[in-house]
Structure formats: structure tokens, C-alpha cells
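Computed from a predicted model, the values in this text were never measured in an experiment. Per chain, numbering begins at 1; letters A, B, ... match sequence-line order.
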Number of protein chains: 2
Amino acid sequence: MARASTTSDAFNAVAEPRRREILSYLAGAERPVGEIVAALGLPQPSISKHLRVLHDVGLVRMRCQGRQKLYRTNAAAIRPLHEWAGTFERYWQHQLDRVKELAEATVRRSSPDLNSAQMKDKEK
Amino acid sequence: MARASTTSDAFNAVAEPRRREILSYLAGAERPVGEIVAALGLPQPSISKHLRVLHDVGLVRMRCQGRQKLYRTNAAAIRPLHEWAGTFERYWQHQLDRVKELAEATVRRSSPDLNSAQMKDKEK
DNA sequence: TTGACATATTCCCATATGGGTATATTGTTT
DNA sequence: AAACAATATACCCATATGGGAATATGTCAA
């Protein structure tokens, strides 16, 4: 077998940089495809394809208005991603604490002169 | 051209479900490859390949200990992902507000009897 | 109805993937 | 040195991808 299809979940859909751009662009307001094309500077078929992927996984919503289709980011679908990443928050905080401790220990070990010099550096 | 390579950034690396599992498994403590293999029930070469991808993008750290290599999740590398997703937080909150308003409006429009019946439903 | 406009779909292609199996590599123990 | 343990690589394959170009579909206007 090959890789999981891109249409399977939000994680895969969001792995593509252009699609992230589209999501950001469509976050605040709905827009017709043409505007997205103009804004991102990609060929129209390419945008349509990305929109299809995003729509399939529920990351965007679509509404027809005359001959144009208005797309808009469905932010709620990004939430699971945010929550998954948030799972690691406590760990990266631990890491930061350790880095901090290490830095402080290093400072304590160095000479007072060098020490105050470093402090000055940090202040600016 | 084809898709962006998986080793390019954290977003791509994390798109693979198995790799997410590995990251979760290695979040709390460092483990030798063998344990990961046992824990996830995947063939060893497969695990090694995923670890390589994760290591290339900085999502895991590695340390040699005798003949085994200890891997551990580098949570800090997941942070950008969390922050990107967090960018949309205010939008999904708006959405929730709108859903809430809509629901309340609907309830106001329905009969008091039906209304209390629905409340009971929600309570169980 | 005939056009013009806005999007979507189809085809073809180069390439990256992940899985499986076999094998190489490196460190350890006897 | 030799056998062994723990990992990493190499290879092959089926498949999903994204891009580009051409074309289909659907909608409004004259």
C-alpha cells in the first residue's frame, strides 16, 4: 500500500502549504474562487483542486451565489489539530524549564564580571 | 513537480498517523527503538524509517546508549503547529457563538411544552 | 439560443511515499 | 575473532500526489 490519501483527514489536508494559505485567506470572510486565484497567484484549476480537498475533509464550507461559489474556512475543523498539538504543551514547557535551569547553572558557574556583562546583553 | 517532501517540515511529518503515535509514545520519556516496535506493533524497519523522518524535521531527539539508540519527542518542534492552528481560534469561537445564538433563537420560537421536553432530553 | 463568465473535472506525467523483505552497520559479549 | 543483538538502509512495488494544459459544466446576459 501507499500513503494515506490526502482526503482522509485534516492533518493530511493541512500538510500542503498552499492549502494552509487558502485556509488563512478564507478564515475571515467567504470569497469566490476567482479572488482566491488572484490573491494567491496560482492557476485556477490548482485552486479548485485544493478547495476540493479542503471541502472533502470539512475544512471549508461552500455556498453558491449565482455563477460563483463562495468558500469560507470552517475553523471548527481545525480545532482537533490544535488540541492534538496542545497535548504536548506540558512537555515543551518542561523542556523550557530545563533549558532555563541549565542556563542559570551555567551563569552561576561563570565569573561575576562575565555574568553582569551577560545580564546587560539581555537587557537590551 | 510532485508533492512537497515529507522531510520538509513538521506539518508533513505529522500528517502520518503512525508518526503521531510515535510522537505521543515518546513524549514522556526516551525509549529504545525496540520498545517502540513492541508498543506500536509495526515492523522494525518501518519504525526506523518513521523515526528518521521525525528526526530530520527535528520532531524527535536521539541519543546513543551502548548498542541501542534512545529516542524522545522534541515537543518544542510541535509548538509552531499548535500556534498555527491557534490562529483560527477566534474564528471557531465566533462560529460557536453563532450556533449558540441560532439554537437559542430556535428554542424561543418553539412552544414552551416542546421546550421543556427538549431540556429534559439534554439533562440525561 | 448564443455567448461570455466562473468553476470544476479530466488526462498525463514526474515524483514522493509507505510497506515488505533482505541486508548492511555498529556495538557487545564470549 | 566470532556470534549475536539492536538499528538502519537498500531495493522493489503499488499508489497518491500536485502541476500543467485542455476541456467540461453550469449560470447569467443579450
Are A:R52 and C:dT9 close enough that a side-chain N or O sits under 4.0 Å from OP1 or OP2?
-> yes

Is A:Y71 near enough to C:dA6 that one of its side-chain N or O atoms lies under 4.0 angstrom from OP1 or OP2?
-> no

Kindly check if the number of other-residue, nucleotide or ligand heavy atoms within 6.0 Å of CZ (B:R18) is above 12?
-> no

Using a heavy-atom cut-off of under 4.0 Å over every strand shown, decide if A:S46 touches base, sugar-phosphate, or nothing.
-> sugar-phosphate

Side chain of B:K69, base of C:dG27: donor and acceptor closer than 3.5 Å?
-> no

CG of B:L42 versus P of D:dT7: gap in Å, rounded?
-> 15 Å

Find the distance B:R18:CZ to C:dT17:C1' and express it as a whole number of Å.
-> 14 Å

Just how far, in rounded Å, is P of C:dT9 from CG of A:L51?
-> 11 Å

Test side-chain contact (heavy atoms from CB on, under 4.5 Å), reference B:L59, set B:T73, B:N74, B:I78, B:L51, output is B:I78

Can you find a side chain N or O atom of A:Q68 that sits less than 4.0 Å from OP1 or OP2 on C:dT7?
-> yes

Check: D:dA6 base within 3.5 Å donor-acceptor of B:Q44 side chain = no

N or O in side chain of B:H50 less than 4.0 angstrom from C:dT17 OP1/OP2 | no

